[in-house]
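Note that the coordinates shown come from a computational prediction; the quantities given were computed from them, not determined experimentally. Any value given below was found using the heavy atoms of this structure, including those in side chains, with hydrogens, waters and symmetry copies removed.
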Amino acid sequence: QVQLVESGGGLVQAGGSLRLSCAASGRTFGIYTMGWFRQGLGKERESVAAISWSGDRSVYADSVKGRFTISRDNAQNTVYLQMNSLKPEDTAVYYCAARGGKIPSQRESEYDYWGQGTQVTVSS
């Protein structure tokens, strides 16, 4: 079992930055690939980014490429999402998720563990 707790959300103006953190506890953190997803009001949950268990591979949604960076610190059992040049359309609840295996995935159905989410609001 893996427990995930997100933090770092908040209110920011367009063009600003936020860094989300996801702290994991339970089974060995390093064996899981990690992903960030988001769900805007009235929208389906979508993949934002994912990172391999070793941190050497990552994938991003086209809408955030060049603005967001996913990283992880296995020693700290934490995965991060650095969000720069934020836009109002980035407003959503952001969730981190964990899955077994080495390959990062953008498929929600492939993730086994989920955090409770953290709200990010970008004002125009």
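- With rounding to the nearest 0.5 angstrom, the CG atom of Leu20 is 3.5 Å from the CE atom of Met83.
- Nearest approach of Asn84 to Ser17, heavy atoms of both residues: OD1-OG, 2.9 Å.
- Under the 3.5 Å distance criterion, with hydrogens and angles disregarded, no donor-acceptor pair is assigned to the side chains of Asn74 and Gln76.
- Ring-plane geometry between Phe37 and Trp114 is classed as tilted, the angle between the planes lying from 30 to 60 degrees on a 0 to 90 degree scale.
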- Residue pair Arg19, Tyr80: steps toward the side-chain contact (heavy atoms from CB on, under 4.5 Å) verdict: CA-CA 7 Å; Arg19 188 176 80 156; Tyr80 303 97; 3.7 Å; yes
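- One N or O on the side chain of Glu6 and one on the backbone of Gly117 form a donor-acceptor pair closer than 3.5 Å.
- Evaluation of the salt bridge (Lys or Arg N to Asp or Glu O under 4.0 Å) rule for Glu110 yields Arg99, Arg107 as partners, not counting sequence neighbours.
- At distances below 3.5 Å, at least one donor-acceptor pair connects side-chain atoms of Thr91 with backbone N or O atoms of Val122.
- Note: Tyr94 and Phe68 have tilted aromatic rings, judged against thresholds of 30 and 60 degrees for the angle between ring planes.
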- Determine, stepwise, if the pair Ile51 / Thr33 fulfils side-chain contact (heavy atoms from CB on, under 4.5 Å). CA-CA 6 Å; Ile51 189 167; Thr33 62; over 6 Å; no
- Message: Assess the residue pair Asp62 and Lys65 against the criterion (salt bridge (charged side-chain N to carboxylate O under 4.0 Å, His left out)); give the C-alpha distance rounded to whole Å, side-chain angles, the decisive distance to 0.1 Å, and a yes or no.
- Response: CA-CA 5 Å; Asp62 288 343; Lys65 282 181 181 177; 3.1 Å; yes
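- Partner of Leu81 under the side-chain contact (heavy atoms from CB on, under 4.5 Å) criterion, out of Leu18, Val120, Val48: Val48 alone.
- Between Ser124 and Pro88, the shortest heavy-atom contact is CB-CG, 3.8 Å.
- Shown here for Tyr111 and Ala50, the closest heavy-atom pair between the two residues is OH-CB, 3.5 Å.
- Under the 4.5 Å side-chain heavy-atom criterion for ILVMFWY residues, no single connected hydrophobic cluster contains both Val12 and Val93.
- Looking only at side-chain heavy atoms (C-beta outward), Ser71 and Gln82 stay at 4.5 Å or farther from each other.
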- Task: Could you walk me through whether Leu41 and Lys43 pass side-chain contact (heavy atoms from CB on, under 4.5 Å), step by step?
- Result: CA-CA 5 Å; Leu41 191 62; Lys43 299 181 180 179; over 6 Å; no
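- Within the 4.5 Å cutoff, the side chain of Tyr32 has heavy atoms near those of the Met34 side chain.
- When only modelled atom types and interatomic distance are considered, Thr78 and Asp73 share no side-chain donor-acceptor pair under 3.5 Å.
- Both tests do not hold together for Arg38 against Tyr95: distance to the six-membered ring centre under 6.0 Å, angle to the ring axis within 45°.
- Atom CD of Gln116 has more than 12 neighbouring heavy atoms from other residues, nucleotides or ligands inside a 6.0 Å radius.
- Counting only heavy atoms from C-beta outward, the side chains of Ser52 and Lys102 never approach each other to under 4.5 Å.
- Of the inter-residue distances, the one linking Asn77 atom CG with Ser25 atom OG reads 8.0 Å to the nearest 0.5 angstrom.
- Rounded to the nearest 0.5 Å, atoms SG (Cys22) and CH2 (Trp36) are 5.0 Å apart.
- The distance from atom OG of Ser58 to atom CD1 of Ile70, rounded to the nearest 0.5 Å, is 7.0 Å.
- When atom types are taken as modelled, the side chain of Arg67 and the backbone of Ser63 share a donor-acceptor pair closer than 3.5 angstrom.
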